[in-house]
Undergrad: 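What follows is a structure written as C-alpha cells; I'll ask about it next.
Throughout, protein chains are lettered first and strands after them, A, B, ... in sequence-line order, and every chain is numbered starting at 1.
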There are 2 protein chains.
Amino acid sequence: MELDKGLVSGSMALLVMKLLEGGDMYGYQMVEELKRRSDDTFHLKAGSLYPLLHGLEGKGYVSAYEKEATAGKPRRYYHLTKQGHRVLQEKEESWNLYACAVRKVLKGGVCSYGT
Amino acid sequence: MELDKGLVSGSMALLVMKLLEGGDMYGYQMVEELKRRSDDTFHLKAGSLYPLLHGLEGKGYVSAYEKEATAGKPRRYYHLTKQGHRVLQEKEESWNLYACAVRKVLKGGVCSYGT
DNA sequence: GAATTATATATAGATAAACTATATATGTCA
DNA sequence: TGACATATATAGTTTATCTATATATAATTC
C-alpha cells in the first residue's frame, strides 16, 4: 500500500466490496481495478487481498465460485451477497462520517458529508 | 474509537499532531479537544493516546515537559517540534491523497483534493 | 464520612489489519 | 530458456488501537 502505512490502514474491505457492487470479479482483477479506479494510488497486495476475501466469505458478505478462463488457471469469482450489500451501505456511511470528522479536525469548521 | 473499527484505524498520529499545531497540550486535554472538534465522533482512549505520544516523542516529532496544575496532578505538556511540523505536513498531504482516492473508488469520476 | 465521578498519566496484553515473503501453476514473449 | 504477467494461497511479521488495569488527586454526591 505504500503512502504512509499508518494513514492508509483500514477501509480495504469497504473498497473491495464496493468493486463487487458493480459486478462479480476475481481476485487479481480486483487488484488491477482498484489501481485503475484510484488513479494508481492503491496497490493492494495479493497477500492482503486473498485473506481478506476469505474473511468476507466466512462472514457471508460475499460468495465464491470457480470459472474456467479461456487460458491459464481457473478463476475464482466473488459475488456480493444480499447481506454484503447491506454491510457495504453501513461501511460507506461509516467512512463518510469518519472522513468528515477528520476534515473537521484538519480544516476546522463544519462538514456536511455528501459534498 | 467505536464507529466501525476497521474503517477507523490509522491516522490518529495525524490528528494528534494537528491538535498540537495549534499550541502545546497535555494528554487528557487532547482527548477532550479531539472529541469537541470532531463533533463527538472521535473518542480516543487514554490507553491509545499515551503510547502514541511516547512513540511520537521517541521519533522526535514532539517534545514534552511537566507543568504544575492549579489543582490535581502535574500535567505533561506536549510540543510539536520543527521536525514534527514537517512530518505533519507530509501526513496531511498523504491523508488528502488517500481520502481522495477512496472517493474516486466510491463515487467514481475525479477528485481534486482541496475541495 | 464514604462512595463515586472527573481529572490525569501509564503499562500490559489482546485483537485485527495489512504487510512481506514464499509457494504453486500456467501462458506469453523475447 | 528465462523472464514476466496472470492467478491464487498461506505463514509469519509488524503495527495500530483496543480493553483492562494501576496509580493518584480533587470535586461531587449520597
Side-chain angles (χ1 to χ4, degrees), chain A residues 1-17 24-36 41-59 61-62 64-78 91 94-95 98 102, chain B residues 1-17 24-35 41-59 62 64-78 91 94-95 98 102:
Chain A
M1 286 304 312
E2 292 131 65
L3 286 181
D4 184 285
K5 208 172 220 175
L7 292 178
V8 173
S9 51
S11 77
M12 261 310 145
L14 163 66
L15 295 174
V16 163
M17 288 171 78
D24 296 1
M25 295 178 82
Y26 55 97
Y28 193 85
Q29 188 185 6
M30 293 184 214
V31 173
E32 297 302 306
E33 186 66 10
L34 203 54
K35 204 185 294 178
R36 193 188 65 76
T41 305
F42 296 132
H43 303 133
L44 180 60
K45 299 294 154 31
S48 306
L49 177 63
Y50 293 109
L52 172 62
L53 286 171
H54 301 160
L56 294 177
E57 198 180 355
K59 286 182 203 140
Y61 301 167
V62 304
Y65 56 95
E66 298 267 313
K67 208 161 109 181
E68 295 299 321
T70 47
K73 294 185 77 176
R75 291 161 175 168
R76 190 164 180 81
Y77 280 81
Y78 289 89
K91 279 185 184 293
S94 207
W95 164 261
Y98 179 65
V102 171
Chain B
M1 285 304 311
E2 290 133 65
L3 284 181
D4 186 284
K5 210 172 215 176
L7 293 177
V8 172
S9 52
S11 76
M12 261 311 144
L14 163 65
L15 295 175
V16 163
M17 290 170 76
D24 297 0
M25 296 177 81
Y26 56 95
Y28 192 85
Q29 189 184 5
M30 293 184 214
V31 173
E32 296 301 306
E33 187 65 10
L34 204 55
K35 203 186 294 178
T41 305
F42 296 132
H43 303 133
L44 180 59
K45 298 294 153 30
S48 305
L49 176 64
Y50 292 108
L52 172 61
L53 286 171
H54 301 159
L56 294 177
E57 198 181 355
K59 285 182 203 143
V62 304
Y65 56 95
E66 298 267 314
K67 210 162 105 182
E68 294 298 320
T70 48
K73 294 185 77 176
R75 290 160 175 169
R76 191 164 180 80
Y77 280 81
Y78 289 89
K91 279 186 185 291
S94 209
W95 165 261
Y98 180 64
V102 171

Undergrad: Could you tell me the separation between the CD atom of A/Glu32 and the C1' atom of D/dA7, rounded to a whole number of Å?
TA: 11 Å
Undergrad: Calculate the interatomic distance between A/Met17 atom CE and C/dA17 atom P; express it in whole Å.
TA: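 After rounding, the gap between these two atoms is 13 Å.
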Undergrad: In whole angstrom, what separates A/Gln29's CD from D/dT6's C1'?
TA: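 It works out to 12 Å between those atoms.
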Undergrad: Measure across B/His43 and B/Lys35 and return the closest heavy-atom pair with its distance rounded to 0.1 Å.
TA: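 Residues B/His43 and B/Lys35, closest heavy atoms: CD2-CG, 3.6 Å.
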Undergrad: Mind listing the closest non-hydrogen atom pair of B/Ala46 and B/Pro51 along with its distance?
TA: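 For B/Ala46 versus B/Pro51, the nearest heavy atoms are O-CD, 4.1 Å.
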Undergrad: Taking side chain to side chain contact (heavy atoms under 4.5 Å, CB included) as the test, write out the residues that go with A/Val102, two or more places apart.
TA: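 A/Val102 satisfies side chain to side chain contact (heavy atoms under 4.5 Å, CB included) with A/Tyr98, A/Leu106, B/Leu15, B/Phe42, B/Trp95 once adjacent residues are dropped.
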Undergrad: Just the rounded figure in Å: distance from C1' of C/dT20 to CG of A/Leu44.
TA: 14 Å
Undergrad: Distance check needed: C/dA25 P versus A/Tyr26 OH, whole Å only.
TA: 21 Å
Undergrad: Measure the NZ-CG distance between A/Lys45 and A/Leu52 for me, rounded to the nearest 0.5 Å.
TA: 14.5 Å
Undergrad: Please round to the nearest 0.5 Å and tell me the distance separating atom CD of A/Gln29 and atom CE of A/Met25.
TA: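 Taking CD in A/Gln29 and CE in A/Met25, the distance rounds to 3.5 Å.
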Undergrad: Quick one: A/Arg75 CZ to D/dA5 P, roughly how many Å, whole number?
TA: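 These atoms are roughly 17 Å apart.
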Undergrad: A/Tyr28: what forms a side chain to side chain contact (heavy atoms under 4.5 Å, CB included) with it, not counting sequence neighbours?
TA: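 A/Tyr28 satisfies side chain to side chain contact (heavy atoms under 4.5 Å, CB included) with A/Tyr26, A/Glu32, A/Tyr50 once adjacent residues are dropped.
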Undergrad: Taking side chain to side chain contact (heavy atoms under 4.5 Å, CB included) as the definition, give me every residue that meets it alongside A/Lys59, ordered by chain and number, with sequence neighbours left out.
TA: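 Residues passing side chain to side chain contact (heavy atoms under 4.5 Å, CB included) with A/Lys59: A/Tyr61.
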Undergrad: Look for any protein N or O under 3.5 Å of an N or O in nucleotides 21-26 of chain D and output each such pair with its distance, or none.
TA:
none

Undergrad: Nearest of C/dA18, C/dT7, D/dT17 to any side-chain atom of B/Tyr28?
TA: C/dT7
Undergrad: Quickly work out the A/Met25 CE to D/dA7 P distance and round it to whole Å.
TA: 11 Å
Undergrad: State which residues pass salt bridge (charged side-chain N to carboxylate O under 4.0 Å, His left out) with A/Arg76; sequence neighbours excluded, sorted by chain then number.
TA: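 Once residues adjacent in sequence are excluded, the partners of A/Arg76 under the salt bridge (charged side-chain N to carboxylate O under 4.0 Å, His left out) criterion are A/Glu57, A/Glu66.
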Undergrad: Provide a list of protein-nucleic acid N or O atom pairs under 3.5 angstrom, restricted to nucleotides 10-14 of chain C.
TA:
from	atom 1	to	atom 2	distance (Å)
C/dA10	OP2	B/His54	NE2	3.2
C/dT11	OP2	B/His54	ND1	3.2

Undergrad: Is any side-chain nitrogen or oxygen of B/Lys45 closer than 4.0 Å to OP1 or OP2 of D/dT19?
TA: yes
Undergrad: Looking only at heavy atoms, what is the nearest atom pair of B/Tyr65 and B/Asp24, with distance?
TA: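 Closest heavy-atom pair between B/Tyr65 and B/Asp24: OH-OD2, 2.7 Å.
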Undergrad: Using whole Å, what does the distance between atom C1' of nucleotide D/dA16 and atom CG of B/Leu49 come to?
TA: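 Distance, rounded to whole Å: 13 Å.
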